[in-house]
Chemist: 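Below is one structure. I have some questions about it.
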There are 2 protein chains.
Amino acid sequence: MPTPERTSLPDIVRVAGELLESEGLQGLTMQAVAERVGVRAPSLYKRLRNREELLALVQDAAVQDLGMRLDAVVREPDQDPRCALGELARTARQFAHERPAGFRLIFAPGAEGRLNPSSLAAASASVVRVAGQLAGDQHALEAARTVTAWINGFVSMELAGAFHLGGDVNQAFEFGIARLTEAIARPGE
Amino acid sequence: MPTPERTSLPDIVRVAGELLESEGLQGLTMQAVAERVGVRAPSLYKRLRNREELLALVQDAAVQDLGMRLDAVVREPDQDPRCALGELARTARQFAHERPAGFRLIFAPGAEGRLNPSSLAAASASVVRVAGQLAGDQHALEAARTVTAWINGFVSMELAGAFHLGGDVNQAFEFGIARLTEAIARPGE
DNA sequence: ACCTGAACACCGTTCAAGT
DNA sequence: ACCTGAACACCGTTCAAGT
């Protein structure tokens with residue numbers, strides 16, 4: 001005899017994402033998620049295998065959200081690639097400030113590499129495109145990796161409080177953007 | 001009536017660090033540590049407050065170890081600052097390959113910023129010095145942060161498997177070093 | 001077909017009792 | 001002074017029983 005569904009997988013993932021931000025990774029328990037979607041913990045296992053899979057889904061949702069924001073930046077008409085690169089970096093940083101736990105889940109995952117490759121590729125497309133405009137298509141991937149690594153590292157350290165000892169963090173970010181942009185741009189561009 | 005000590009705090013921290021690498025963060029349980037040092041779990045609480053404090057001690061030990069390795073690089077006589085910066089970067093990356101879990105604990109800590117400021121300062125001293133030689137003393141801190149952020153970001157992504165899709169990772173690392181070095185060096189130097 | 005209570009293994013932590 | 005077993009609260013997960 002069928003029972004009406006009281007929740008759904010998207011519902012669960014959304015609630016888990018909210019819980020991640022409000023309570024932290026260790027506050028994201030199966031019981032807390034279950035309570036907020038209106039079922040008991042065992043029912044969650046009808047829709048996902050275990051907590052690890054739930055974390056992977058939350059991570060993937062965050063990657064897709066970030067990717068969409070970056071896409072929107074690049075979609076602006078007639079942009080200078082230098083400006084676009086700066087805007088991409090600032091957008092990623094802003095995302096990290098709004099959803100620090102989600103950002104950490106993307107860029108500092110646990111032991112195993114979850115991270116859906118297709119979502120990752122979609123999220124990096126904008127950066128690769130702009131990096132290619134600056135560095136030339138042959139170096140697009142390397143240049144994009146250099147920039148992505150720097151953004152990730154800078155923001156991770158910022159979130160970890162490693163920059164709390166003196167100096168203007170915004171200024172350091174702009175310094176890094178400017179230097180990085182010149183570093184990857186080929187002389188002609 | 002005194003009981004002989006069967007372990008010590010340095011012992012506990014060392015074992016916890018080994019366990020972190022071999023079993024991962026979630027394998028680093030109080031019970032596993034206790035078993036390996038030869039006591040029962042409750043005895044650990046005579047020497048530390050809780051698991052979080054143990055993690056902080058393991059993290060600090062890793063920071064100090066990394067800092068000593070970086071110091072050793074800079075201690076080499078009459079070096080070109082460009083070469084020194086590259087060697088610092090490669091040394092940090094090698095540390096991450098040898099002790100990936102320890103590296104992650106340093107650069108991608110949990111929610112709260114533990115991280116002992118004085119250990120952190122000691123570990124960054126070498127990078128700040130070389131960065132200052134390249135960028136000038138006024139920009140030493142910003143330049144060091146730019147480089148540190150990039151190294152952290154690059155290696156974190158490498159450990160997370162984000163680079164597994166094509167391209168030579170070593171080559172990308174050298175590409176990044178070269179570009180970063182030129183990016184922070186002032187024209188004269 | 002989905003939901004539930006009960007149960008199990010495991011973990012961090014506390015505490016009274018041992019020596 | 002340090003160590004221990006017992007206990008508590010909590011968590012992830014399984015499963016038989018409900019509808």
Side-chain angles (χ1 to χ4, degrees), chain A residues 1-61 101 104-105 109-114, chain B residues 1-61 101 104-105 109-114:
Chain A
M1 225 46 116
T3 313
E5 306 190 352
R6 302 189 191 170
T7 183
S8 68
L9 190 55
D11 217 30
I12 291 169
V13 174
R14 182 180 49 76
V15 163
E18 294 168 4
L19 212 43
L20 174 68
E21 296 301 335
S22 64
E23 306 298 325
L25 188 57
Q26 80 166 340
L28 174 44
T29 68
M30 300 300 272
Q31 325 221 12
V33 172
E35 185 180 6
R36 296 205 183 192
V37 300
V39 298
R40 303 286 177 170
S43 299
L44 298 178
Y45 294 83
K46 288 289 162 184
R47 307 184 201 273
L48 32 86
R49 207 165 6 192
N50 49 34
R51 181 174 182 267
E52 196 180 341
E53 184 171 297
L54 177 56
L55 286 179
L57 291 169
V58 171
Q59 183 196 38
D60 198 60
R104 267 192 292 254
L105 198 60
E112 358 64 33
R114 322 174 202 114
Chain B
M1 226 45 120
T3 313
E5 307 191 351
R6 301 187 191 171
T7 184
S8 67
L9 189 56
D11 218 31
I12 292 169
V13 174
R14 183 181 48 77
V15 163
E18 293 168 5
L19 211 44
L20 175 68
E21 295 301 336
S22 63
E23 307 298 326
L25 187 57
Q26 80 166 342
L28 174 44
T29 68
M30 300 300 272
Q31 325 222 11
V33 171
E35 185 180 5
R36 297 206 182 191
V37 299
V39 298
R40 304 285 179 171
S43 298
L44 298 177
Y45 293 84
K46 288 288 162 184
R47 307 184 200 274
L48 33 85
R49 207 163 9 192
N50 49 34
R51 182 174 182 266
E52 195 180 342
E53 184 171 299
L54 177 56
L55 287 179
L57 291 169
V58 171
Q59 184 197 37
D60 198 60
R104 266 192 292 255
L105 198 60
E112 358 63 32
R114 321 172 204 116

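On a predicted model such as this, the values are computed, not experimentally measured, just so you know.
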Chemist: Quick check: closest heavy atoms across G27(A) and L19(A), and the distance to 0.1 Å?
Modeler: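 Scanning both residues completely, I find the closest heavy atoms to be O-CG, 4.0 Å.
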
Chemist: Where each residue is assigned the nucleotide of DNA chain D containing its nearest heavy atom, which of K46(A) and A32(A) is assigned the position nearer the 5′ end?
Modeler: A32(A)

Chemist: Using a strict heavy-atom distance below 4.0 Å, which residues from residues 7-18 of chain B are in contact with DNA chain C?
Modeler: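 Per residue number, the list is empty: none.
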
Chemist: Over how many whole Å does the gap from L55(B) atom CG to dG12(C) atom C1' extend?
Modeler: 12 Å

Chemist: Grab the two heavy atoms, one from L105(A) and one from Q59(A), that are nearest each other, plus how far apart they are.
Modeler: O-NE2, 3.0 Å

Chemist: Just to be sure I follow the notation: if a pair is Watson-Crick (purine N1 to pyrimidine N3 plus N6-O4 or O6-N4) or a G-U wobble (N1-O2 and O6-N3), each under 3.5 Å, what dot-bracket string does DNA chain C give, with | for pairs to another strand?
Modeler: ||.|||||...|||||.||

Chemist: Between dA6(C) and R40(A), is there an OP1 or OP2 to side-chain N/O distance shorter than 4.0 Å?
Modeler: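 Looking at the OP1 and OP2 atoms of dA6(C), neither is under 4.0 Å from any side-chain N or O of R40(A).
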
Chemist: For residues E21(A) and A101(A), report the shortest heavy-atom separation together with the two atoms involved.
Modeler: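 Nearest heavy atoms, E21(A) then A101(A): OE1-N, 3.2 Å.
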
Chemist: To the nearest Å, give me how far apart CD (E23(B)) and P (dC11(C)) are.
Modeler: 11 Å

Chemist: How many whole angstroms separate atom CD of E35(A) from atom C1' of dC3(C)?
Modeler: 16 Å

Chemist: What is the minimum heavy-atom distance between M30(A) and L44(A), and which atoms define it?
Modeler: O-CD1, 3.3 Å

Chemist: For side-chain contact (heavy atoms from CB on, under 4.5 Å), just list the numbers for L57(B) and I12(B), CA-CA rounded to whole Å, side-chain angles, deciding distance to a tenth of an Å, and then say yes or no.
Modeler: CA-CA 10 Å; L57(B) 291 169; I12(B) 292 169; over 6 Å; no

Chemist: S43(B) near the nucleic acid: base, sugar-phosphate alone, or nothing, with a heavy-atom cut-off under 4.0 Å?
Modeler: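 Contact class for S43(B): base.
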
Chemist: Could you tell me whether E5(B) contacts a base, only the sugar-phosphate backbone, or nothing, with contacts defined as non-hydrogen atoms closer than 4.0 Å?
Modeler: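 Touches sugar-phosphate only.
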
Chemist: Compare the minimum distances between each of dC2(D), dT4(D), dG12(C) and the side chain of M30(B), then state the nucleotide with the smallest one.
Modeler: dG12(C)

Chemist: Roughly how many Å is it from CG in L54(A) to C1' in dT13(D), rounded to a whole number?
Modeler: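 Atom-to-atom, L54(A) to dT13(D), this comes out as 14 Å.
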
Chemist: Let me know the distance between CG of L44(B) and P of dC3(D), rounded to the nearest Å.
Modeler: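 So the two atoms are 9 Å apart, to the nearest Å.
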
Chemist: Looking only at side-chain atoms of V39(A), point me to the closest of dG5(D), dC3(C), dT14(D).
Modeler: dC3(C)

Chemist: Looking only at side-chain atoms of R47(A), point me to the closest of dG12(C), dC2(C), dG18(C).
Modeler: dC2(C)

Chemist: Of the nucleotides dT4(C), dT13(C), dT14(C), which has the atom closest to the P42(B) side chain?
Modeler: dT14(C)

Chemist: Can you tell me which nucleotide in dT13(D), dC3(C), dG12(C) comes closest to the side chain of Q31(B)?
Modeler: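 Out of dT13(D), dC3(C), dG12(C), the nucleotide with an atom closest to Q31(B)'s side chain is dG12(C).
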
Chemist: Do the side chains of T7(A) and R47(A) get nearer than 4.5 Å, heavy atoms only?
Modeler: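 Yes - at least one pair of side-chain heavy atoms lies under 4.5 Å apart.
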
Chemist: Atom CD of E52(A) to atom P of dC11(D): distance rounded to whole Å?
Modeler: 19 Å

Chemist: Can you tell me how far CG of L54(B) sits from OG1 of T29(B), rounded to the nearest 0.5 angstrom?
Modeler: 10.0 Å

Chemist: Q26(A) CD to dC10(D) P: how many Å, rounded?
Modeler: 13 Å

Chemist: On the side chain of T3(B), is there an atom forming a donor-acceptor pair with the base of dC2(D) - under 3.5 Å, no angle test?
Modeler: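 In this structure, the two groups form a donor-acceptor pair.
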
Chemist: For the atom pair CG (L48(A)) and CG (L55(A)), what is the distance rounded to the nearest 0.5 Å?
Modeler: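 CG of L55(A) is found 10.0 Å from CG of L48(A).
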
Chemist: Check every atom of dC11(C), dG5(D), dG12(D) against the side chain of T29(B) and return the nucleotide holding the closest atom.
Modeler: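 Closest nucleotide among those given: dC11(C).
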
Chemist: Using the test side-chain hydrogen bond (donor to acceptor under 3.5 Å, both in side chains), find all partners of S43(A) that sit at least two apart in sequence or belong to another chain.
Modeler: none

Chemist: Can you give me the closest heavy-atom contact between D11(B) and V37(B), atom names plus distance?
Modeler: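 Result for this residue pair: O-CG1, 4.2 Å.
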
Chemist: Check the distance between dA9(C)'s P and R51(A)'s CZ and give it to me in whole angstrom.
Modeler: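 In whole Å, dA9(C) P lies 22 Å from R51(A) CZ.
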
